[in-house]
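Worksheet: the structure to be examined is printed underneath.
Chain identifiers are assigned alphabetically (A, B, ...) following the order of the sequence lines, protein sequences preceding nucleic acid strands; residue numbering begins at 1 within each chain.
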Amino acid sequence: MADYTPHQFDVLVIGAGGAGLRAAIEAAALGAKTAIVMKSLLGKAHTVMAEGGAAAAMRNADPRDSWQTHFRDTMKGGKLLNQWRMAQLHAQEAPDRIWELEEWGAVFDRTTDGLIMQRNFGGHTYPRLAHVGDRTGLEIIRTLQDKLIHMPVDVFMETTVTHLFKTGDTIGGALTYRREDGSFQLFNAKAVILATGGIGKSFKITSNSWEYSGDGQALAWSVGADLMDMEFLQFHPTGMVWPLSVRGTLITEGVRGEGGVLRNSTGERFMFSYIPEAFKNDVASTEQEANQWVQEVIAGKQATVRRPPELLTRDVVARAINSEVRAGRGSPHGGVFLDIATRRTADEIKRKLPSMYHQFKKLANVDITKEPMEVGPTCHYAMGGVRVDGETEMSSVKGLFAAGEVAAGLHGANRLGGNSLSDLLVFGRRAGAGAADYVKQASAVKADASAVDRALAENLACFERKGGENPYAVHRELQEMMQTYVGIIRTDADLRHALAELDKFEPRVKQLSVTGSRAYNPGWHLAMDLRSMLTCSRALTLAALERCESRGGHTRSDFPDYDKEWAKVNQVVKNENGVMKLERVVRPPIPDELKQLVEEA
Amino acid sequence: MGNIVQMKVYRGDKSGGSLRDYSLEIDEGMVVLDVVHKIQAEHSPDLACRWNCKAGKCGSCSAEINGKPSLMCMTRMDSLPQDRPITVEPIRTFPMIRDLVTDVSWNYEVNKRIPAFTPKPKNPDGTWRMYQYEADRVQEFRKCIECYLCQNTCHVLRNHDKHDEFFGPRFMVRLAMLEMHPLDAADRLKLVKEAAGVGFCNITKCCTEVCPEEIHITDNAIIPLKERVADEFYDPIRRLFRVFAGK
């Protein structure tokens with residue numbers, strides 16, 4: 001059997017995006033012997049791609065804001081399926097997490113009186129996003145990275161977790177492999193924090209990096225942790241649609257926050273036709289009102305009129321674009337037009353959206369200060385994930401924690417832009433604290449040697465097998481299938497077809513062949529990642545088939561309306577002896593004072 | 001659409017390697033990283049390369065394309081001459097791991113040697129104030145995506161192998177950022193002069209030329225650091241002042 005190097009830690013953090021870094025900093029600060037492993041190099045995680053900003057009711061740009069309004073906006077955006085306690089903690093703690101970053105050296109854009117500037121975003125009542133142009137994710141990850149390197153945390157780069165182990169009902173450790181030489185390591189840890197991000201790599205058109213193969217969700221499920229809300233997948237309205245090779249690459253919502261408008265091929269500003277009943281009172285009813293809002297905001301004044309409909313929540317905007325394209329009013333390459341060029345001066349665009357300017361110039365040869373962008377929906381964010389306790393982020397498996405995109409609960413049926421960066425700060429810290437607290441009482445555990453041997457054999461089998469399929473071909477087919485049948489609009493027939501297809505993918509993924517050596521072999525890595533992608537795709541499809549209504553990121557054309565019964569429950573995917581079982585879990589009762597806030601919405 | 005290109009991609013490991021020829025069909029708008037991915041998917045599944053964002057934000061896919069240090073994700077195929085093979089090679093200043101992947105861990109070790117940001121006390125109202133014109137200056141440096149193309153290009157590291165004596169342009173940018181950060185209280189000038197070795201830079205501006213974020217590394221970071229070091233350690237009036245002040 002293959003060799004491995006053993007390690008012993010109190011807390012093992014898996015993933016080094018914002019949530020993982022923040023968790024590791026906290027766990028180490030509280031005295032836990034902490035390690036962090038990551039699939040890429042330090043500072044390269046998906047967080048670096050977050051553009052628009054981090055939502056926090058700091059009240060710097062509009063004193064009318066408050067944590068209560070942030071809570072209400074979040075619940076409303078999530079179509080009331082959010083875990084209320086998480087939404088409350090998030091809204092209350094986000095400002096402190098931003099100020100903490102400033103204390104660690106982050107340089108946010110500033111207001112005229114020298115405070116952290118905040119910008120408008122979809123679904124947020126007031127300008128609330130602390131930002132740095134359109135590269136906020138980079139600022140956050142670099143600040144956390146530079147903080148982490150001076151902490152007592154052992155950093156393992158380009159190290160991928162392939163299996164988790166449980167001892168009795170408690171987490172016991174993780175098997176990893178190091179890309180550089182293909183060697184294996186066994187991390188025995190009293191607590192494991194999953195901070196592995198999302199699942200978008202199962203879809204063809206996605207803004208996600210290669211790392212988003214759903215490892216955390218799949219690993220958690222494999223040791224018996226519950227997954228929740230898996231049917232809610234967010235399609236960001238504005239991905240690039242041209243050139244084809246960059247299809248899906250994100251265009252920040254900040255473009256619309258800075259006054260950008262959406263038009264169809266006839267030049268119509270179509271979002272006025274798609275304002276849902278529930279948002280009628282929040283959104284401008286005429287172009288004149290919408291334009292006045294932009295003028296006031298640009299001038300640094302408090303808005304006195306209602307916001308433009310381009311700033312509706314992402315699910316609404318993505319479906320509207322989808323409808324325009326289907327009605328034959330799309331752009332030449334199958335999207336719609338996003339125009340900032342006629343709305344702001346070239347200098348303003350370059351200053352507020354430098355990375356978008358750069359991206360279009362380089363990748364599409366389009367000057368966004370002169371021409372509109374062609375945009376369309378792209379798979380962006382998983383609202384669902386590992387079911388956790390809102391205070392500590394512990395999953396249903398003792399000692400196993402989850403934070404950031406891999407965890408479920410905060411966002412409900414749909415995430416507001418800007419709530420992701422604040423999510424990973426707030427709950428990354430809480431997971432680190434939760435784990436550090438937990439390990440004080442936990443005794444040391446050791447993974448079962450025979451389970452480790454089986455895992456090693458599973459990882460290496462694809463080298464010995466001859467005649468199996470190429471992982472790249474299987475991945476491409478899985479992406480095509482998921483995009484077509486479990487995409488932005490779903491039906492019973494499509495979802496059943498997808499499940500039948502997933503049954504066929506199962507043996508194929510178990511029979512892959514890989515060539516070359518174990519050292520830095522991307523084909524081998526993909527073969528292992530595909531196991532996670534398959535698990536997540538199945539959980540998502542099963543949950544989507546069961547939920548016979550349309551809500552947030554989940555749209556069923558055969559059930560286009562909300563269903564009141566589904567509003568009372570969250571859907572949980574359980575592991576019963578290796579088989580996925582669905583369960584409806586009644587939502588915890590919400591305290592009266594918070595209920596009132598929600599009802600005001 | 002659909003024209004055939006000839007690629008020469010470096011294949012090898014610590015023991016050595018060579019350029020391997022690939023001929024493949026490309027579509028309109030493809031970047032070099034797309035072509036490398038196509039080679040992985042259709043010809044060589046074990047071709048090693050790093051990438052994450054494919055949008056010029058993470059700095060993972062650094063390589064030497066036709067000899068020029070570049071990001072593979074931001075280099076459009078139609079920006080390169082098509083009448084001869086396009087070469088893709090790893091960045092050469094760092095030790096080889098495999099194919100297009102090199103060991104850049106030295107950079108992370110250097111970063112650890114830079115003392116952390118050290119905040120000044122807050123204002124009496126509990127805030128820190130910083131104005132946009134002050135932020136602008138350091139935000140330029142904070143755009144750095146750590147692609148290490150500047151480190152790869154710097155002749156002090158590349159040709160003279162002064163890894164023990166010079167931190168390289170990336171960390172001059174980071175030091176300049178900290179030195180010019182309006183809220184930072186630490187003094188790192190001795191480090192800039194000694195351990196970081198700012199004196200080794202002789203202003204050839206190669207680093208600035210290859211920076212994909214268009215940071216003015218030499219003009220805005222390194223030269224001001226050199227000036228501060230000169231003022232602090234070599235200005236005769238200041239030296240005299242220090243003698244009398246007993247410092």
Sub-4.5 Å side-chain heavy-atom contact between B:Trp128 and A:Glu103: yes
Sole residue of A:His46, A:Lys44, A:Glu211 in side-chain hydrogen bond (donor to acceptor under 3.5 Å, both in side chains) with B:Asn52: A:Glu211
Test item: side-chain donor near acceptor, B:Glu42 and A:Asn470, under 3.5 Å: no
Atom pair OH/CE of B:Tyr108 and A:Met157 - distance to nearest 0.5 Å: 5.0 Å
Side-chain donor/acceptor of B:Arg98 to backbone N/O of A:Ala519, under 3.5 Å: yes
Check: A:Trp210 side chain, B:Trp51 main-chain N or O, donor-acceptor pair, under 3.5 Å: yes
Heavy atoms of other groups near B:Lys38 NZ, more than 12 under 6.0 Å: yes
Polar contact flag, side-chain donor to acceptor under 3.5 angstrom, B:Asp46-A:Thr515: no
Donor-acceptor contact present, side-chain B:Arg76 to main-chain A:Leu363, <3.5 Å: yes
Whether over 12 other heavy atoms sit under 6.0 Å from B:Arg137 CZ: no
Summary of side-chain hydrogen bond (donor to acceptor under 3.5 Å, both in side chains) pairs that have at least one residue in residues 142-158 of chain A, sequence neighbours excluded: A:Arg142-A:Gln145, A:Thr143-B:Arg142, A:Gln145-B:Glu146, A:Asp146-B:Asn111, A:Asp146-B:Arg174, A:Glu158-A:Tyr520, A:Glu158-B:Arg50
Which atoms of B:Leu33 approach chain A - backbone, side chain, both or neither, heavy atom under 4.5 Å: neither
Sub-4.5 Å side-chain heavy-atom contact between A:Arg135 and B:Lys57: no
